[in-house]
Colleague: 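Have a look at this one before I ask anything.
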There are 2 protein chains.
Amino acid sequence: MARGRSSSGRPTIRDVAERAQVSVATVSRILSGSYTAPPETQERVMKAVEALDYVVNANARSLNARSGLVAVVVNDITSPFFMNVASGVEEQAMADGRVCIVCSTQGVPERELSVIELLRARGVEAVILVGGMAEGEQHLGQLAAAAEALDRAGARMVLCGRSWAGPDAPIDVVESDVEGGAFAATNHLLSAGHTRVAHLAGPHEFSVARQRLHGYERALRAYGIEPDPALIASSDMTRETGYAAARTLLTGTDATAVFCANDMSAAGAVAAARDLGRSVPDDVSVVGFDDIPLAEDVYPGLTTVHVPQQELGRSATRLALHRRAGDPPRRHVMLGSHIVVRQSVAPPARLSGKGTP
Amino acid sequence: MARGRSSSGRPTIRDVAERAQVSVATVSRILSGSYTAPPETQERVMKAVEALDYVVNANARSLNARSGLVAVVVNDITSPFFMNVASGVEEQAMADGRVCIVCSTQGVPERELSVIELLRARGVEAVILVGGMAEGEQHLGQLAAAAEALDRAGARMVLCGRSWAGPDAPIDVVESDVEGGAFAATNHLLSAGHTRVAHLAGPHEFSVARQRLHGYERALRAYGIEPDPALIASSDMTRETGYAAARTLLTGTDATAVFCANDMSAAGAVAAARDLGRSVPDDVSVVGFDDIPLAEDVYPGLTTVHVPQQELGRSATRLALHRRAGDPPRRHVMLGSHIVVRQSVAPPARLSGKGTP
DNA sequence: CTGTTAGCGCCTTCAC
DNA sequence: GTGAAGGCGCTAACAG
C-alpha cells in the first residue's frame, strides 16, 4: 500500500511533492489547509498522500509551530478521581483543538518534576497537575521554577484540585471548596445526632488533607464539641490503609460515625466495619469525599461530598488555554461542592452503648 | 533564575554554547553523555545549562533519533480495567527506558484510527491498543493499513486484550483466555446447582464479548443444557446498561444466576437485584469478569474471573519493545485467567419458585 | 498560484 | 578534544 519512496523510513513531504509533481511548499500549504489551490493540483497532492500513507512529522512541525499538546499529570493512573478529572481535561482540550496526553508519576511524587521537564522538552502548551502531593518547601520552590521555565517557553502550568502555597509563580489553580465540603459532611453527621464523630484523615503533608481536617474541626466546634485527637486517624487515602485505620478507630474508640478523607478510604472503612460485625449505618455511619463512581456501588451506598471532577479538569484546561493579553499571571477558580446523600448515614444506635464493643 | 538568552522563547543549545564559550557540538556531546570532555569544560557547560534552565528540544531531537515514546490507546480513560492495563504498560515502558503516554478515543471507536495517525506523526515507537472495539471489516482493514504504516516507520502496533481477526499485518497481540474464563465462570454457577443461568453479554460486535458468550454456551452444553436465547441479554458493559439489562432478565425470566460480561455490568446487575428486592446470592447469584478493584467493594463481594490486567500491559509492551532480528512479524501471547471466589454465588434458592416474582 | 530560499534546534560526520 | 558544516522534515518569507 505504499511503494517507491526515496528512503526506507516514513515518507516525507518531499516524497509527496515529487510524486505529485509540485514543490514541497505547495504540499505544505495544501496540507495545512490555509490556502486555496487549484482543485486539480490539490487532488494530485492528496492522491500522493494517500498512496504514500503520508502523515506530517509532528515533531518537525513543532519546530516551527505550536505543538498543540496539553498534558495532564497524575500521580496514579488507576485512581478514579484523577482519571475523572483527566477526562474533563481531555474533553476541553479537544474542544479547543488540542491533543491531550496523560502522564503519570507512578506514585513517586518526586518524579513530578522530571515529568514536567520532559513535557517541557516536548513543547507542550499546558501542564495540568492533578491532585494533592507532598508540599515540602523545596519541592514548592522547584515547582515554581518549573512554572517559570514553562512560562518562558510560552506554556502554562495549572494546579487542579490542589492549592498553591509556594512562592509567587506563573501558576493558575482550580480547586473545589474542600474545607466547605468537609464542614458540610461533618455537619451532616452531627445533625443526625452523632457526637462522637471520627475523622479518617489523609496525609498531613497534603494541603487538601489539612483542609478536610479543618472543615471537620470547624464543624465540630460550631456544634460546641471540642475535637478529640483520639478520634482522628490517618491513612494515605487508599482502600487498604483506610481499612486498617478505620479498624483501629472502630475498636479503640467509641466513635459512632466516621468522616473519611475520600471515597476509597471510606470503602475501606465500610469493609472494616462489616468485618467487625458492625452494621453500616445502624452501628456506625460513614461519609466519604469525592463522589467517585464507586460510592454508588459500595453497600450501603456511600453518602459523600460531591467534587465536580470533570469540571475541575475542564476549568483547568480553559484557564491554561484561554489566555488573553490582560490576564493576571496567577488566576484562581474555586468550584463548589455539595453533599450527596445515600445510605451510609443514620442516627447513632440506641444509647445503650452498642457503640463500644 | 534565567536571564539573558538571545531570543525570548526557550533557551536553545546555542544559548548554552555561547554562555559556556564552546561550540554547540560540544554541548550536544556533553549532554548526550556519549563522550569524555575535560571536566573543566564539562562543568562550564553544565553550569550554563542550569543557569538557563535549558532542556533539549525533544522534538528537534526526535528528528534525527528515536523518540523514546510508547503510547497506550484506550477507549475510555475512566475505565478501571483499561487503566490497570495501562499502568502495566507504563511500568514496563519505564523499565525499558521509554516514556509512556496514554491517549483516549473518548468513547468514539472511529477515533481510534486518527489517534493512531497522530501518534505516528509524533514518531512513537509503539502503539498499544487496549480493549475491545467494533471490528467491522472496513475498520480492520484500516487498522491493518495503520499497522503497516507504523511498521514502515519502525514502530510496532500491539493489541492488548483484544484478538485480531483482520488481514495479515505486522501486529502483535496479547490476550487472556477469555473463552476459558467464561467457561469456568459459567461452570462455577452450574456446579453450584443452577440450571437457569443467564448471561449478561457485551456488544456482539466485540470479539471479546463473543468469546464470553461462547464460553458460556460451551459450559452449558457440557452440562447437557441447551442455551436458552431468552436468558441472554446484552449491555454495552457499563454499569447503567448492565443495570437495565439485568432488571429485564430478572423480572422477565426465571434465571437464578447471571454471568456478566464484566464487573461493571455485574455491579449494575447486583444493584438491579437489590432494587427488585432479590437478595444476592440467596435469590440470585452473580458472577463478573475482569476482577477490577470494584469487585471487592460491591456487596456482596463479587465472584469474578480474574484477568491479569497489569501483566497484559507489561507483556504487550515487551512484545513491542523487545524485538530482535529473527522474530516473526506477528507474535501472539495468551495469558491464563482464573476464578476469584467471593460472596456473590450460592446454590439456587429452595425449589419453591422463589425465582419468579 | 507556485517555487526558491532560509531557517527551526539538534546531532553527526568530517576536518583540524 | 573541538569546531564548522550539513541535514533531519517542515513552514514561512519572498520572489516570480
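Below, all heavy atoms of this structure are taken into account, side chains as well, without hydrogens, waters or symmetry copies. Here is how names work: the chains are called A, B, and so on, in the same order as the sequence lines, proteins then strands, and each is numbered from 1. It should be emphasised that the depicted structure is a prediction, and the values quoted were computed from it without experimental measurement.
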Colleague: Apply salt bridge (charged side-chain N to carboxylate O under 4.0 Å, His left out) to B:E50 and B:R19, showing your working.
Modeller: CA-CA 11 Å; B:E50 293 257 312; B:R19 194 179 226 274; over 6 Å; no
Colleague: If you round to the nearest 0.5 Å, how far is CG of A:L143 from CD of A:E112?
Modeller: 5.0 Å
Colleague: Between B:T41 and B:A60, name the one whose nearest nucleotide on DNA chain D is closer to the 5' end.
Modeller: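 That would be B:T41.
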Colleague: Regarding A:D327 and A:R156, does a basic nitrogen lie under 4.0 Å from an acidic carboxylate oxygen?
Modeller: no
Colleague: What's the separation between atom OG1 in A:T41 and atom CZ in A:R29, rounded to the nearest 0.5 Å?
Modeller: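 One gets 11.0 Å once the value is rounded to the nearest 0.5 Å.
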Colleague: Assess whether one donor atom and one acceptor atom, taken from the side chain of A:N57 and the base of D:dC10, lie less than 3.5 Å apart.
Modeller: no
Colleague: Assign A:S62 to base, sugar-phosphate, or nothing according to its heavy-atom contacts below 4.0 angstrom with the strands shown.
Modeller: nothing
Colleague: Could you work out which one of D:dT11, C:dC11, D:dG9 sits closest to the side chain of A:R61?
Modeller: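 Among D:dT11, C:dC11, D:dG9, the one nearest the side chain of A:R61 is D:dT11.
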Colleague: Taking the side chain of B:A25 as its heavy atoms from C-beta onward, which of D:dG1, D:dA4, C:dC10 lies nearest to it?
Modeller: D:dA4
Colleague: Round to the nearest Å and state the distance from B:L63 atom CG to C:dG9 atom C1'.
Modeller: 8 Å
Colleague: Please state how far atom CG in A:D15 lies from atom P in D:dC10, giving the value in whole angstrom units.
Modeller: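 From A:D15 CG to D:dC10 P: 9 Å.
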Colleague: Rounded to the nearest Å, what distance is computed from the CG atom of residue B:L31 to the C1' atom of nucleotide C:dC11?
Modeller: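 About 12 Å, once rounded to whole Å.
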Colleague: If the cut-off is 4.0 Å, is A:T12 near the phosphate of D:dG9, judged by side-chain N/O to OP1 or OP2?
Modeller: no
Colleague: Mind calculating the distance between CG (A:N64) and P (D:dC8) to the nearest angstrom?
Modeller: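 So the two atoms are 15 Å apart, to the nearest Å.
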Colleague: Return the nearest nucleotide to the side chain of B:T26; candidates are D:dG1, C:dG3, D:dG3.
Modeller: D:dG3
Colleague: How many whole angstroms separate atom CZ of A:R66 from atom P of D:dT11?
Modeller: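 Value for this atom pair: 15 Å.
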Colleague: From CZ of B:R14 over to C1' of C:dG7, roughly how many Å is that when rounded to an integer?
Modeller: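 Atom-to-atom, B:R14 to C:dG7, this comes out as 9 Å.
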Colleague: In whole angstrom, give the distance that lies between atom CG of A:N59 and atom C1' of D:dG7.
Modeller: 16 Å
Colleague: Taking CD from B:E40 and C1' from D:dT2, how many angstroms apart are they, rounded to a whole number?
Modeller: 13 Å
Colleague: Charged N to carboxylate O below 4.0 Å: is that the case for A:R44 and A:E40?
Modeller: yes
Colleague: Of the nucleotides D:dG1, C:dT2, C:dT13, which has the atom closest to the B:R29 side chain?
Modeller: C:dT13
